[in-house]
Amino acid sequence: MPEDRDWEAYKVPPTRTPESERITSVPNPITFIQTVFNYVIDAPVTFVREWIERQQAKNKFYYYHQKFRRVPDLSECLEGDYLCFYEAEAQWRRDRYGWFDQEIVEIVRERLGACKQREGPNQFQNCAKEMEQLAQVTKAYQDRYGDLGVHGNARTCLMKQKHRMMEERKAQAKASQ
């Protein structure tokens with residue numbers, strides 16, 4: 001490239017282009033429509049939404065941490081107190097179908113499995129405590145919910161426990177004689 005450039009042939013564009021100023025008496029319709037939209041539609045909706053959010057922030061409700069109060073057992077209800085019967089039945093269903101007792105059995109079973117895996121051939125000696133705990137937990141679960149079937153309810157569960165207690169008393173009476 002030659003050193004002597006012809007600056008007149010290749011003019012540099014100006015660094016700033018001047019803005020053309022409108023010289024009219026009519027306002028821009030777009031700014032008018034935007035202003036009307038902001039004051040008529042956007043401002044009231046924004047105000048209502050912010051007010052609702054403030055109210056919800058005051059009273060937070062966590063539906064996934066709902067806690068029910070413990071109600072009396074069916075054996076503690078008075079005769080003819082149908083509301084107490086209903087609440088006891090609902091409590092029993094939450095206990096049974098909440099799978100808490102099943103999860104306890106599963107946790108103890110997993111601990112036994114981990115102990116067996118860890119101990120290897122010495123599992124019968126070193127995991128005896130976990131085996132005993134699993135036997136106790138499964139027996140307690142079976143005593144409470146076993147043989148109730150799908151249509152079991154709080155009353156049949158209570159009667160089952162009552163019959164079991166009566167059999168245990170009879171066995172103790174025979175053993176003491």
Side-chain angles (χ1 to χ4, degrees), residues 37-38 40-177:
F37 176 80
N38 286 340
V40 173
I41 295 174
D42 189 40
V45 170
T46 305
F47 174 76
V48 169
R49 179 176 179 191
E50 288 174 353
W51 182 80
I52 290 172
E53 287 176 351
R54 283 193 306 268
Q55 297 304 317
Q56 287 177 347
K58 289 179 187 176
N59 306 323
K60 288 198 177 210
F61 177 69
Y62 298 105
Y63 62 91
Y64 47 88
H65 287 298
Q66 188 174 5
K67 293 182 180 178
F68 295 98
R69 63 179 178 85
R70 297 296 291 186
V71 297
D73 192 34
L74 193 62
S75 62
E76 299 170 7
C77 292
L78 298 175
E79 188 175 340
D81 189 2
Y82 297 107
L83 182 62
C84 183
F85 293 160
Y86 177 78
E87 286 180 340
E89 180 70 30
Q91 181 70 53
W92 184 83
R93 288 191 187 280
R94 281 194 298 268
D95 289 344
R96 181 176 184 190
Y97 298 116
W99 293 294
F100 299 120
D101 294 331
Q102 291 177 6
E103 283 299 317
I104 290 170
V105 172
E106 275 302 312
I107 288 170
V108 173
R109 186 176 289 132
E110 287 174 5
R111 286 181 185 168
L112 177 64
C115 181
K116 285 182 176 181
Q117 180 72 25
R118 183 179 62 243
E119 297 299 329
N122 298 331
Q123 62 184 341
F124 297 110
Q125 296 169 353
N126 298 339
C127 298
K129 183 179 81 170
E130 285 84 359
M131 285 183 189
E132 179 64 30
Q133 188 178 18
L134 179 63
Q136 289 175 354
V137 168
T138 52
K139 184 179 182 326
Y141 182 82
Q142 184 66 23
D143 287 347
R144 183 161 186 187
Y145 298 116
D147 300 331
L148 286 180
V150 177
H151 301 291
N153 57 18
R155 186 175 298 267
T156 57
C157 183
L158 181 65
M159 291 300 118
K160 181 182 173 192
Q161 290 175 0
K162 182 189 83 162
H163 293 311
R164 190 186 78 240
M165 288 173 55
M166 289 173 60
E167 288 174 4
E168 288 175 359
R169 285 185 185 171
K170 285 181 184 178
Q172 285 179 353
K174 284 185 181 181
S176 65
Q177 289 179 353

Visitor: Under a 4.5 Å cut-off applied to non-hydrogen side-chain atoms, are C157 and L148 in contact?
Guide: yes
Visitor: Please answer whether the main-chain N or O of G152 pairs with a side-chain N or O of T156 as donor and acceptor at a distance below 3.5 Å.
Guide: no
Visitor: Find the distance between CG (D143) and CZ (R164) and round it off to the nearest 0.5 Å.
Guide: 4.5 Å
Visitor: Measuring from N122:CG to C115:SG, what's the distance to the nearest 0.5 Å?
Guide: 10.0 Å
Visitor: At what distance, to the nearest 0.5 angstrom, does OH of Y141 lie from CD1 of I104?
Guide: 10.5 Å
Visitor: At what distance, to the nearest 0.5 angstrom, does NE2 of H163 lie from CE of M159?
Guide: 6.5 Å
Visitor: Got a second to check how far C77's SG is from E87's CD, nearest 0.5 Å?
Guide: 8.0 Å
Visitor: Specify the closest pair of heavy atoms between Q123 and M131, including all atoms of both residues, with the distance to one decimal.
Guide: O-CE, 4.2 Å
Visitor: With rounding to the nearest 0.5 angstrom, report the CG to CG distance, L158 to L74.
Guide: 5.5 Å
Visitor: Would you indicate whether the side-chain heavy atoms of V108 and L112 approach each other to under 4.5 Å?
Guide: no
Visitor: In the structure I gave you, are the side-chain heavy atoms of R144 and W92 within less than 4.5 Å of one another anywhere?
Guide: yes
Visitor: Quick one: are F85 and R155 in side-chain contact, heavy atoms under 4.5 Å?
Guide: yes
Visitor: Let me know which of R118, K116, E119 forms a side chain to side chain donor-acceptor pair (under 3.5 Å) with N126.
Guide: E119
Visitor: Taking the side chain as everything from C-beta on, heavy atoms only, tell me whether L134 gets closer than 4.5 Å to E130.
Guide: no
Visitor: Count the heavy atoms of every other residue, nucleotide or ligand shown that sit under 6.0 Å from CD of Q117, and state whether that count exceeds 12.
Guide: no
Visitor: Whether the R94 and Q91 side chains hold a donor-acceptor pair (N or O, under 3.5 Å, no angle test) is what I'd like checked.
Guide: yes
Visitor: Using 4.0 Å as the upper bound for N to carboxylate O, is an ion pair formed by R109 and E106?
Guide: yes
